[in-house]
Each structure stands twice: as C-alpha cells, then as structure tokens.
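As structure tokens, the structure follows; a few thoughts come after it.
Proteins come first, then strands; the chains are lettered A, B, ... in the order of their sequence lines, and each starts at number 1.
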Amino acid sequence: MEVKRITTPLSDADVKCLKAGDEVLISGVLLTGRDQAHKRLCELIDAGKDLPVDLAGQVIYFVGPSPAREGKPIGAAGPTTSSRMDAFSPKLLANGLKGMIGKGYRGDEVRAALKENCAVHFATIGGAGALLSKQIIKAEVIAYEELGTEAIRKLEVVDFPATVAYDCYGKTVYNC
Amino acid sequence: MKNIKYEKIVKTVKQLCIDSCYELPQDVLDAIKTAAKTETNPSAVSILNRLVENADIASSERIPLCQDTGLAVVFVDQGASVTIEPPADNPDATIADAINAGVEAGYTEGLLRKSVVAEPLNERKNTQTNTPSIIHHRMVPGDELSITVITKGGGCENKSQFKMFNPTDSKDVIAKWIVDVVTQAGANACPPFIVGVGLGGNFETSCLISKRALLRKIGTTNPDTFYADMETELAKTINASGLGPQGLGGDTTVLAVMIETAPCHIASLPVAVNIECHSHRHASATL
C-alpha cells in the first residue's frame, strides 16, 4: 500500500484526503496530552477560559514519555490507550483540534465528533516506544509542567508512522 | 542459615527493573519472530517485524521498550533458612523496604517512567519514586532468595477481568468467557497478548495465580494435560478471531495462554484473566 506523507498542522483538505486504513508518515508538530491534561483543558473550556495552547489545526499524541537520556530529545514515546480520552475529545475537536494519535478504539461520540468537525484519529504501534521515539527530533514542555510525564509537550516529528484508524467520513479500520 | 545483606537486595532489584525495561526476554522475542513467520496477513507481519526492531533498538540504544515502564510487581520466594541483614543505620528495615529502595533506584537511574500515584481517587499525586511496588512474598524450603520483577503496563492490566462461576459450569462456558475477555480487550491492550488465567482458589488467589501464570516461559504447558489442552484450545480459538497484532487483523492475537490452578471451595469456581501485552517485560535473579 502507498504510504501518504502528511504535514501538521492539518487543514480540512488534508483531513478529507485521509481514509480509514491509510498508512501515513506524519511530519511537523504534534502536541502531547493524556488523561490529566485533557481533563484540565476541558475544565478551562467549560469555564470559558483561554487554553494554554492553541488547538487550531493541531494533532494531539496520547503519550506519556519516559525520561530522556542526556543528549536525546525524549525517552520511549509510544501511544497510550485512546478510549480513556473519549470523554474529552469531542470538546477539543469543537475547539479546533484536527487530529489525535493513540492506540485502540474510540467511542461513538468521538466518531461523530470527527465527522462533525472534519477531523481524524490515527493509531500507531502500542508497545513500540523505542522505535517511535526515533522519529521525534525535538520535545519541549509547553503547559502543565507539574504533571511530569503527563504535561503538554510540543514535539517535532519526522515521518512518524501511523494508520488512519477513524476518518472524517465515519469509517474505521477496526472490525468493531 | 544464609544471611543476605539488605544492600544486595536493593542492588539486585534495581538491576532487574532496568534489565526488564530494556531487554525483551528471549522466549518472548522468539515467540514474536515465530509468529512473524507463520502469520498470513502481510500488515500483521509488518507490525510483528517492527516489534522485533523495537526490541533491538531498546537494547542497543538504551531506550525503554515501552514508555509505560509499569508498576513493578515483585515476586519473592524466600528460602526458610534465608535471613535478611538490615543496614547498620536502620535495623528495622525489612525485605519490603529493600525491594522498594531497589525499585526507586532502578526507575531513577534507569530513566524509567514513574507511574505510581499515592492514592486512586482524590489528588492522584505521583509518588515520584514508582513505589510502593506490589510485592508477593512467600516462604519456601531451602537457602535461596529468588526475585522476579514484572514491569507491567497499565493498558493491558486495565483490560484484565475476574468472574465467579458456578461450580457446575462446564469448561466450554468458562472458555467462552475467557475468549470474550481477551477479544474484547482488543486493540486497547496491545495484542499480541500473553494471557494468564487463574482457575480456582478464592477471590484474591484466582487473580494472583493469573498473574503468576505470566511468569512461565512461553512454550511451557500446565503439567496437568486437561489444563494443557485447554491452554492450546484457548490460544487456537482466540487466534481464529482474526483480531491480530494491534487489533488491525491477522492470525496472531495471543503468543501464549497459560493457566494456573488452585484448590477451591465446593461452592466456588473463580476465574481470573490477566492480560499482558506483547511487551512482556520481566527479569529474575536468585541470591
């Protein structure tokens, strides 16, 4: 299968080109966020406050990396389980988020929100944190430093491998 | 009597945590390589090959196999004639203190992610040490201290389940539930899995032996042929589901199903399924 190369941030046109099952190599900026960062961002949205990061066109990678070795940008950095972010993702998608990367399934509400907001969800290889870390060339904490591994980081990635797991047309690569 | 110094246990546990997170055990690596040869789905083959590549990178470039370096679960078998000599400045220190000191040192010096929060529901504050570890200690005959550390990730542990069956329920009914638990874990728990099944015991024993089953080498079978056959049948049925590596399709959903049993009450038939991801990290030492 032909591998599609995409660059973040993503536009509607970029998202519309992606179909469930497509293999992609992502380059550009990814934001990181997992359970606690998602909870905090949604609390700010509910309170009508500004977010510490601009989500427009961005892709959030669900990852809590291990500490970086000296001279390296990051430690192991594979995906965590996407479904734990299901309660929060629709709200972030409504606020400009265009894509997410994790492992495993998404719920019906997220799938509907992907359609409604023209966004995409990618899966990458769970348990391949060493391999995937090689595609990350830079990492810096940009919000919630006190959350440690769960802080929001800005990653620069080159040819980060993923599969389109849920596209903006309501289709999924999974048989469920 | 055999006297083992506290510091020696600290040092050993530290090294086991590090080794476990950087070196995939040979039996697991071999099982993935074998699966890649027999797998008929090309994209599943590609995923399995990338898992082998991941293990090579982890070992050679000193990057943990997975960012979730787990909760340290420590199995200790202490020979009845083994005594632990506490440090001079802390005569009350126990073997549990030594293990936790080793875990903290291993996770700090080994650049492993510290994933333990002090309590579950209120503030969930990270202890910053990856302790306390979960310690399963038992006294055994002899003069050896054997320690196994499993650094088990949260994603697969989250999909593990327990159920009480009726003592008259058939093998088929129980097998069907086990298959459902494993296939429903699906992509979320990082297949291909190693599945530990605990049959019998009581509420807590069933869960404990399901985890202890994961300590067995892949390729070994339960010594009782009834349960050995059940292991083979379960693996065959689960692999026939087509779930595959990462849930993206294929013949390789489990690398092994391992059953451990325990005697139980006449009214009970507890069953626990402990799901372990393909990154089945564990290391052992005997002092």
Inset, instruction - Of all the heavy-atom pairs spanning B:Pro64 and A:Ala130, show the shortest one and how long it is. - result: O-CB, 3.5 Å
Inset, instruction - Answer with side chain, backbone, both or neither: which region of B:Arg62 has an atom nearer than 4.5 Å to a non-hydrogen atom of chain A? - result: both
Inset, instruction - Give a yes or no answer on whether the side chain of B:Asn188 reaches the backbone of A:Ser82 with a donor-acceptor pair at less than 3.5 Å. - result: no
Legend entry - Side chain / backbone / both / neither for A:Glu150 at chain B, heavy atoms under 4.5 Å: neither
Inset, instruction - Could you tell me which portion of B:Asp56 (side chain, backbone, both or neither) has an atom closer than 4.5 angstrom to a non-hydrogen atom of chain A? - result: neither
Inset, instruction - Could you grab the distance from atom CG of A:Leu131 to atom CD1 of B:Ile57, nearest 0.5 Å is fine? - result: 4.5 Å
Legend entry - Nearest heavy atoms of A:Gly127 and B:Cys66, plus distance in Å: CA-SG, 4.2 Å
Legend entry - Gap between atom CD of A:Glu146 and atom CG of B:Asn126 - 0.5 Å precision: 12.5 Å
Inset, instruction - Find the distance between CD (B:Gln67) and OG1 (A:Thr80) and round it off to the nearest 0.5 Å. - result: 7.0 Å
Legend entry - chain B contact via A:Ala128 - which portion, at a heavy-atom distance below 4.5 Å: both
Legend entry - Pairing of B:Glu61 and A:Lys134 as salt bridge, 4.0 angstrom limit: yes
Inset, instruction - Counting only heavy atoms closer than 4.5 Å, note whether A:Ala68 contacts chain B via side chain, backbone, both or neither. - result: backbone
List, one per line, each side-chain donor-acceptor pair under 3.5 Å for residues 50-60 of chain A, sequence neighbours excluded.
| from | atom 1 | to | atom 2 | distance (Å) |
| --- | --- | --- | --- | --- |
| A:Asp54 | OD1 | A:Ala56 | N | 3.1 |

Inset, instruction - Tell me, for B:Leu51 versus chain A, whether the close heavy atoms (under 4.5 Å) come from the side chain, the backbone, both or neither. - result: side chain
Inset, instruction - Would you give the length of the straight line joining atom OH of A:Tyr174 to atom CG of B:Leu243, rounded to the nearest 0.5 angstrom? - result: 9.5 Å
Legend entry - Rounded distance (nearest 0.5 Å) linking atom CD1 of A:Ile125 with atom CZ of B:Arg50: 4.0 Å
Inset, instruction - May I ask you to name which of A:Gly64, A:Ala123, A:Pro65 has the most heavy-atom pairs under 4.5 Å with chain B? - result: A:Gly64
